[in-house]
Amino acid sequence: MTDAGRNNKETAVGTDSKAVDGGRTETRRAFLNGMRDGLPIGFGYFAVAFSLGIIAKKAGLIALTGFFSSLTIRASAGEYGAYTLIAAGAAFSEVALMAVITNLRYLLMGASLSQKFSPRTSLLKRILVACCITDEIFGISIAYKGYLAPAYTFGATFVGAPMWALGTMCGIIAGGTLSAGVVSALSVALYGMFLAIIIPPARQDKAVLIAVIISFILSWTFSTIEWTSTNISSGMRTIILTILISAVMAAVKPIKTSD
């Protein structure tokens, strides 16, 4: 090999090495940013999961079981329904069916989030991100500027998931010692976090603000009408309203895209 050929090869290797190092740096930065944004979510999770732990205690779950249950499920409505059915002595099939119906909204979130990935994102990373989806993790992930870095979602989940599980475990340990008022006050923290997620984009785009207001009104209406509140689960109501409102807003006020 000539000296020129050897130099070109070394230059190419050096360029590839820098590209790999740069990619690792970006991945590390995205993961740390995810941990930063996931920390307040984790605190909210702990408060809500604590109240779930009290319900799990009444259903007969021990602290370790509650910890791993919440670590793998991470769905407040799904867990509440599961613990309630367990306390009532329901069959495993009934608990599983209830969890599927209650959490169907995550299918919509996954479909929406899939549009945020770079075409180069591997199938494995897409699947792992889907496993991380919760309402709050979805909220910060969909707000991520540009293509979603999977490491960002992983970082947020790395912080949030253990705190959710710890909250359930601590709630089981505490049992029924806390008053209902204290538990209710702790649960308010997560709703405040939801507002922090939706207010900034709503202030920047009037179409988003209108969609948010309409979703509040229709969600409250559906929950107060006897037929819809009785015959349609909260998860299914969320799915129906999400599809209807997003479809109408997409037709009336489509988002302008550019290269």
Side-chain angles (χ1 to χ4, degrees), residues 34-106 109 130-141 153-197 219 223 229 233-238:
M35 291 182 63
R36 177 201 64 198
D37 295 343
L39 187 59
I41 292 177
F43 286 128
Y45 278 175
F46 185 89
V48 175
F50 192 95
S51 62
L52 280 174
I54 295 176
I55 299 173
K57 173 69 174 181
K58 295 178 180 179
L61 273 71
I62 62 174
L64 188 61
T65 304
F67 177 88
F68 285 105
S69 171
S70 284
L71 186 65
T72 53
I73 299 176
R74 301 192 313 281
S76 56
E79 285 186 58
Y80 177 83
Y83 298 152
T84 302
L85 289 178
I86 291 172
F92 288 134
S93 58
E94 293 175 324
V95 176
L97 180 60
M98 180 281 309
V100 169
I101 294 175
T102 304
N103 298 318
L104 276 176
R105 67 186 185 279
Y106 294 127
M109 295 182 189
C131 294
C132 295
I133 291 178
T134 63
D135 297 322
E136 299 75 27
I137 299 298
F138 169 79
I140 61 174
S141 296
T153 304
F154 297 154
T157 304
F158 183 77
V159 174
M163 294 187 73
W164 178 270
L166 283 172
T168 302
M169 184 177 71
C170 291
I172 292 175
I173 294 174
T177 58
L178 295 179
S179 66
V182 173
V183 174
S184 178
L186 289 172
S187 301
V188 171
L190 203 58
Y191 295 102
M193 183 183 57
F194 268 123
L195 293 177
I197 292 174
S219 180
S223 64
S229 61
S233 67
S234 60
M236 185 58 68
R237 291 200 301 268
T238 300

### Message
Do Ile137 and Tyr45 have side chains that approach each other closer than 4.5 Å (heavy atoms only, starting at C-beta)?
### Response
yes
### Message
Return the CG to CZ distance between Leu39 and Phe158, rounded to the nearest 0.5 Å.
### Response
12.5 Å
### Summary
Rounding to 0.5 Å, atoms CD1 (Ile172) and CZ (Phe50) come to a distance of 10.5 Å
### Query
Looking only at heavy atoms, which two atoms of Ser223 and Ser229 are closest? And how far apart?
O-CB, 3.3 Å
#### Entry: Residue list, side chain to side chain contact (heavy atoms under 4.5 Å, CB included) with Leu166, at least two apart or on another chain
Phe46, Phe67, Met169
### Query
side-chain hydrogen bond (donor to acceptor under 3.5 Å, both in side chains) with Ser141: which residues, sequence neighbours excluded?
Thr153
### Message
Within this structure, what is the CZ-CG distance for the pair Arg74 and Asn103, rounded to the nearest 0.5 Å?
### Response
11.0 Å
### Query
In Å, rounded to the nearest 0.5 Å, how long is the span from CE of Met163 to CD1 of Ile41?
11.0 Å
### Partners passing side chain to side chain contact (heavy atoms under 4.5 Å, CB included) against Thr65 (at least two apart in sequence or in another chain)
Leu61, Ile62
### Query
Shortest non-hydrogen contact from Ala156 to Ile140?
CB-CD1, 3.7 Å
### Task
Go through the structure and list residues passing side chain to side chain contact (heavy atoms under 4.5 Å, CB included) with Ile73, not counting sequence neighbours.
Ser69, Ala75, Glu79
### Summary
In short, Tyr83 meets Gly66 closest at the heavy-atom pair OH-O, 4.4 Å
### Message
Show the nearest heavy-atom pair for residues Ala63 and Ile173, with the distance to one decimal.
### Response
CB-CG1, 3.9 Å
### Query
Does a side-chain heavy-atom distance below 4.5 Å link Asp135 with Met109?
yes
### Query
Residues in ring-ring contact (aromatic ring centres under 6.0 Å, His included) with Phe68, at least two apart?
none
## Note on the structure
Correct closest heavy-atom pair for Ser70 and Ala165 would be CB-CA, 3.8 Å
### Query
What are the two closest non-hydrogen atoms of Phe154 and Cys132, and how far apart are they?
CD2-SG, 3.9 Å
